[in-house]
Trainee: 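Structure below; questions to follow.
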Number of protein chains: 2
Amino acid sequence: MKKQKTRDHIVEAADLLFYQQGFEHTSFSDISDAVQISRGNFYYHFKSKDDILEAVISARMDKTRKMLTQWELKGSRPEDRIKCFIRILVTNRDKILNYGCPVGTLTTELAKIKHASREEANALFTLFRNWLKEQFTQLGHPADADNLAMHLLARSQGVATLASAFQDAKFIDDEVTQMCEWLNAYVPKE
Amino acid sequence: MKKQKTRDHIVEAADLLFYQQGFEHTSFSDISDAVQISRGNFYYHFKSKDDILEAVISARMDKTRKMLTQWELKGSRPEDRIKCFIRILVTNRDKILNYGCPVGTLTTELAKIKHASREEANALFTLFRNWLKEQFTQLGHPADADNLAMHLLARSQGVATLASAFQDAKFIDDEVTQMCEWLNAYVPKE
DNA sequence: ACACCTTTAGGACGCTCATCCTAAAAAAAT
DNA sequence: ATTTTTTTAGGATGAGCGTCCTAAAGGTGT
């Protein structure tokens with residue numbers, strides 16, 4: 001079925017554009033230019049711009065869930081899995097320098113314009129939060145797990161914002177190193 | 001002269017609206033409604049919307065500079081002055097929960113839309129950065145001063161973003177406490 | 001009372017936007 | 001080959017935007 005394929009293309013292009021330019025600042029023309037599709041034809045696939053946003057968020061949720069399970073397979077120890085999270089900053093360094101954190105910037109924008117889908121965007125944060133919480137629990141800190149998860153989320157978020165503002169790649173690397181060291185203090189010695 | 005007074009009112013109202021709704025999402029009608037002034041009359045005071053933004057940023061720079069000198073008078077020791085910075089999160093808790101950090105959100109928005117004034121907005125970050133750097137130097141860490149300043153900026157930024165996303169006031173308080181403890185490790189013992 | 005400068009109001013303009021509509025093209029089914 | 005369904009293109013619509021223009025109102029000095 002061709003419909004699904006076109007729909008996926010639209011979501012993919014919108015996803016990228018929403019990240020690079022922001023949701024409000026991205027018009028239908030921008031998306032149609034990227035997908036090479038007629039502007040008016042959008043409404044065969046989506047009923048509104050908000051509808052595209054929902055699809056984009058939903059796609060990001062899926063992609064994130066897959067990434068998290070990937071990390072669970074890659075790192076056998078919880079500390080290794082958490083380090084996978086910390087290192088996204090390094091992995092996506094260039095994107096972050098240019099456009100900031102995809103989760104943080106979208107959440108902030110939608111909150112500011114009081115968009116109906118802002119709760120759905122927040123769910124992306126919750127996904128990471130709960131996953132990290134689980135890892136910290138497995139690491140042996142069940143009581144503090146949620147606090148540690150929030151702490152790590154906040155630090156990553158701050159690093160992304162500042163690195164982007166100052167175009168400072170080295171800052172990312174330094175802070176990632178520090179976060180790994182911070183994490184090591186919570187790894188039980190055998 | 002009445003002109004200056006009206007101009008100040010406009011800047012004040014625009015400042016608040018840009019913070020609460022974002023720059024792009026705030027229209028001339030929004031501002032004129034707030035100031036109770038005719039929409040078309042704006043162009044007697046400003047030559048464009050971007051011009052208002054410049055004035056708002058400039059006003060924020062002035063206000064920030066005043067705040068920083070205030071802190072220098074209030075805290076005689078550098079560690080006390082740095083704690084003034086850390087505690088803005090607590091002081092402005094409600095605003096931050098609703099609208100995030102004024103500096104971070106504006107910087108991020110302007111960067112994303114590649115607005116001409118994004119460098120000017122970044123200067124707000126630089127103001128804090130240099131001031132903090134100076135305090136850490138006075139604290140006896142001249143070599144690390146800039147790194148420590150960036151680190152603290154990033155943490156505050158992250159806390160604001162996450163607290164706003166999760167509407168979590170307690171998270172702000174906890175993290176502020178942690179940052180103060182972190183700072184204490186850098187205070188020389190006598 | 002008059003002239004002059006400052007400040008204001010509010011409509012007009014052109015543009016872009018999200019959305020809708022309809023007819024044609026493409027594909028699939030018969 | 002013909003009918004039916006799916007998918008497309010592109011113009012029309014109406015609203016909101018930033019901006020501009022002009023005439024009037026307000027204030028001030030003579």
Side-chain angles (χ1 to χ4, degrees), chain A residues 1-58 106 109-110 112-118 120-121, chain B residues 1-58 106 109-110 112-118 120-121:
Chain A
M1 190 167 274
K2 197 174 183 187
K3 188 174 179 177
Q4 186 60 42
K5 230 181 165 181
T6 310
R7 203 190 134 97
D8 290 347
H9 279 149
I10 295 173
V11 171
E12 194 184 356
D15 188 353
L16 186 63
L17 285 167
F18 289 171
Y19 175 41
Q20 293 177 334
Q21 315 183 346
F23 169 71
E24 268 207 314
H25 196 253
T26 299
S27 70
F28 271 77
S29 304
D30 291 334
I31 306 173
S32 68
D33 284 355
V35 191
Q36 298 265 43
I37 244 182
S38 161
R39 205 181 60 264
N41 187 25
F42 269 93
Y43 289 78
Y44 179 67
H45 301 279
F46 298 92
K47 71 174 196 292
S48 69
K49 194 185 175 188
D50 292 349
D51 210 32
I52 300 182
L53 176 61
E54 276 183 39
V56 166
I57 294 175
S58 169
L106 183 68
E109 182 185 357
L110 297 186
K112 201 144 276 203
I113 67 179
K114 295 191 182 303
H115 193 282
S117 292
R118 62 187 190 279
E120 273 124 311
Chain B
M1 190 166 274
K2 199 176 182 185
K3 187 174 180 177
Q4 186 59 42
K5 229 180 165 182
T6 311
R7 203 189 135 98
D8 291 347
H9 279 149
I10 295 174
V11 171
E12 194 184 358
D15 189 353
L16 186 63
L17 286 167
F18 290 170
Y19 175 42
Q20 292 177 336
Q21 316 184 346
F23 169 71
E24 268 206 312
H25 197 253
T26 300
S27 71
F28 270 77
S29 304
D30 291 334
I31 306 173
S32 69
D33 284 355
V35 191
Q36 297 266 44
I37 244 181
S38 161
R39 207 180 59 266
N41 187 24
F42 269 93
Y43 289 78
Y44 179 68
H45 300 279
F46 297 93
K47 71 174 197 289
S48 69
K49 194 185 176 189
D50 292 348
D51 210 34
I52 300 182
L53 176 61
E54 276 183 41
V56 166
I57 294 175
S58 168
L106 183 68
E109 182 185 358
L110 296 186
K112 200 143 276 201
I113 66 179
K114 294 191 183 304
H115 192 283
S117 293
R118 62 188 189 279
E120 271 124 312

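Proteins come first, then strands; the chains are lettered A, B, ... in the order of their sequence lines, and each starts at number 1.
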Trainee: Once you round to the nearest 0.5 Å, how far does CG of B:Asp15 lie from CG of B:Asp8?
Mentor: 11.5 Å

Trainee: A side-chain contact here means heavy atoms from C-beta on lying under 4.5 Å apart; do A:Lys112 and B:His25 qualify?
Mentor: no

Trainee: Measure the distance from CZ on A:Phe28 to C1' on D:dG14 and round it to the nearest whole Å.
Mentor: 16 Å

Trainee: Tell me yes or no: between the side chains of A:Asp50 and A:His115, is some donor less than 3.5 Å from an acceptor?
Mentor: yes

Trainee: Could you check how far CG of B:Asp33 sits from C1' of D:dC17, rounded to whole Å?
Mentor: 14 Å

Trainee: Any side-chain heavy atom of A:Glu54 sitting closer than 4.5 Å to one from A:Phe46?
Mentor: no

Trainee: How are the rings of A:Phe28 and A:Tyr43 set relative to one another: parallel (under 30°), tilted (30 to 60°) or perpendicular (over 60°)?
Mentor: parallel

Trainee: Hey, can you pull the residues of residues 39-55 of chain A with a non-hydrogen atom under 4.0 angstrom from DNA chain D?
Mentor: A:Arg39, A:Gly40, A:Asn41, A:Tyr44, A:His45

Trainee: A:Ile31 versus A:Phe18: any side-chain heavy-atom pair under 4.5 Å?
Mentor: yes

Trainee: For D:dT8 and A:Thr6 - does any side-chain N or O of the residue sit under 4.0 Å from the phosphate oxygens OP1/OP2?
Mentor: yes

Trainee: Reading DNA chain C in the 5' to 3' direction, which nucleotide is the first one with an atom under 4.0 Å from a heavy atom of chain B, and which is the last?
Mentor: C:dT6 to C:dA12

Trainee: Across the strands shown, which category fits A:Thr26 at heavy-atom distances under 4.0 angstrom: base, sugar-phosphate, nothing?
Mentor: sugar-phosphate

Trainee: How long is the gap from NE2 on B:His9 to NE2 on B:His45, to the nearest 0.5 Å?
Mentor: 11.0 Å

Trainee: Whole angstrom is fine here: how far is it from NZ in B:Lys3 over to C1' in D:dG26?
Mentor: 16 Å

Trainee: Can you see which heavy atom on A:Ser117 is nearest to which on A:Leu110, and at what distance?
Mentor: O-CD1, 4.0 Å

